[in-house]
Amino acid sequence: MSTQPNASNNVKSTPTALTTEAAKENQKNAPRAKVLADKAFLDDCLNSHNFYRRKHKSPDLELDDDLCQVAQAYVTKLAKSGDSFQYSGNGFGENIFFTTVGPAGGKEACEAWYSESRNYDWDNIDKQKGTSHFTQMIWKGTTKLGMAMATSKHGIYVVAEYSPPGNVVGRYPQNIAKPEGKYYEDLGGSGGGGKGAKDGNTGGGSSEQAAEQMKNAERVKSTTDPKFIQEALEEHNKLRASHGIGPVSIDEDLNNVAQAWANRLLQKGKMEHSTNGFGENVFWASGGSINGAKPCQAWYSEIKDFDFNRIDHTPGTGHFTQLLWKGSDKIGIALASGKAGHFVVANYNPPGNFLGQYAQNIYPIQS
């Protein structure tokens, strides 16, 4: 069974806003459905939106139950029809995310939408082709958010509804602000079938924000077999050495951070990102035996999708690049196993995957 099947993340954003009268009529008549998303998913969506909005001096959004009902009705329709690119026409702002592999959720959708920021021309703050879900996401005049997710045989769908809608022609300068300093993007791949890997590096906020998250990260005493930790460490360093990159060393505090999150994932029975400020890769296997090298091999397998002719952020390779990241020199590893399977967490410090720093931290295989 393939650990890392080829897959793609797809996003779609609402077209240019309708007239006020038409939009209000469509909003009034938009279908609604009972919200099925749990609090963790909704909180993840809201926090991810606001994390990116703050970089652009946009005020925080608030979750709106009515908009969540609108999003639920439409995401359910998409999942049944298998059409990942059909705009609802409900009069609200709308972003759509689709992937053929999982697990995936609100943070992954937000990362995909925000990733278009790298294509935005900040010398011309206006409507720009291929960036509309990014601009809707940070639109200053938008104050309310609704989110929903659905799965089907076609894949995983996430829909965001926004009010008031953004992307209004002629209003970009008042609603889109250039970020200050460095800003971070993390787009990771996901595994499929019985095994999966997810990257969730969260070190991209300001140094102060990351330091605060690291300080407050949950910790529990590591219960992972030292042999497993040593296997993971050796595999990390073998793979790093093949690229001419120096070794990482085990940090006991990071082991405790990783253990806390691995335990939490086992309790939830699904893969999610933490927000602990460290770099983070997560792996899951449904059963069978597991050693410390297996997760590393799964994370590293995304090398097949990395473009070494352009050493920069490449969608779907985030756990590969975090594993190699030259600037990361400490690592914590943890395993939690139970009826829900095996969950492995690796935390890295300093975190990797920073835009503008790939060339200094990622090297091709050395001959």
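Sequence positions, counted from 1, serve as the residue numbers for this chain.
In this view, D66 and R32 satisfy the salt bridge (Lys or Arg N to Asp or Glu O under 4.0 Å) rule, not counting sequence neighbours. By the side chain to side chain donor-acceptor pair (under 3.5 Å) test, N50 pairs with no residue at all, sequence neighbours left out. Evaluation of the salt bridge (Lys or Arg N to Asp or Glu O under 4.0 Å) rule for D312 yields R310 as partners, not counting sequence neighbours. The salt bridge (Lys or Arg N to Asp or Glu O under 4.0 Å) check on D225 picks up nothing, with sequence neighbours excluded. When the ring-ring contact (aromatic ring centres under 6.0 Å, His included) test is applied to Y363, no partner is found at least two apart in sequence or on another chain. Scored by the side-chain contact (heavy atoms from CB on, under 4.5 Å) test, A232 finds C296, I333 as partners (sequence neighbours excluded). Listed by chain and number, the residues in a side-chain contact (heavy atoms from CB on, under 4.5 Å) with D121 are D123, N124, Q128 (sequence neighbours excluded). Annotation: salt bridge (Lys or Arg N to Asp or Glu O under 4.0 Å) contacts of R219 (sequence neighbours excluded): D253. In this structure S152 satisfies the side chain to side chain donor-acceptor pair (under 3.5 Å) test with no other residue, sequence neighbours excluded. Evaluation of the ring-ring contact (aromatic ring centres under 6.0 Å, His included) rule for Y172 yields W139 as partners, not counting sequence neighbours. With sequence neighbours left out, Q69 forms a side chain to side chain donor-acceptor pair (under 3.5 Å) with D65. Qualifying side-chain contact (heavy atoms from CB on, under 4.5 Å) partners for P59, counting only residues two or more places apart in sequence or in other chains: R53, K140.
Donor-acceptor pairing under 3.5 Å is recorded for the side chains of E302 and H319.
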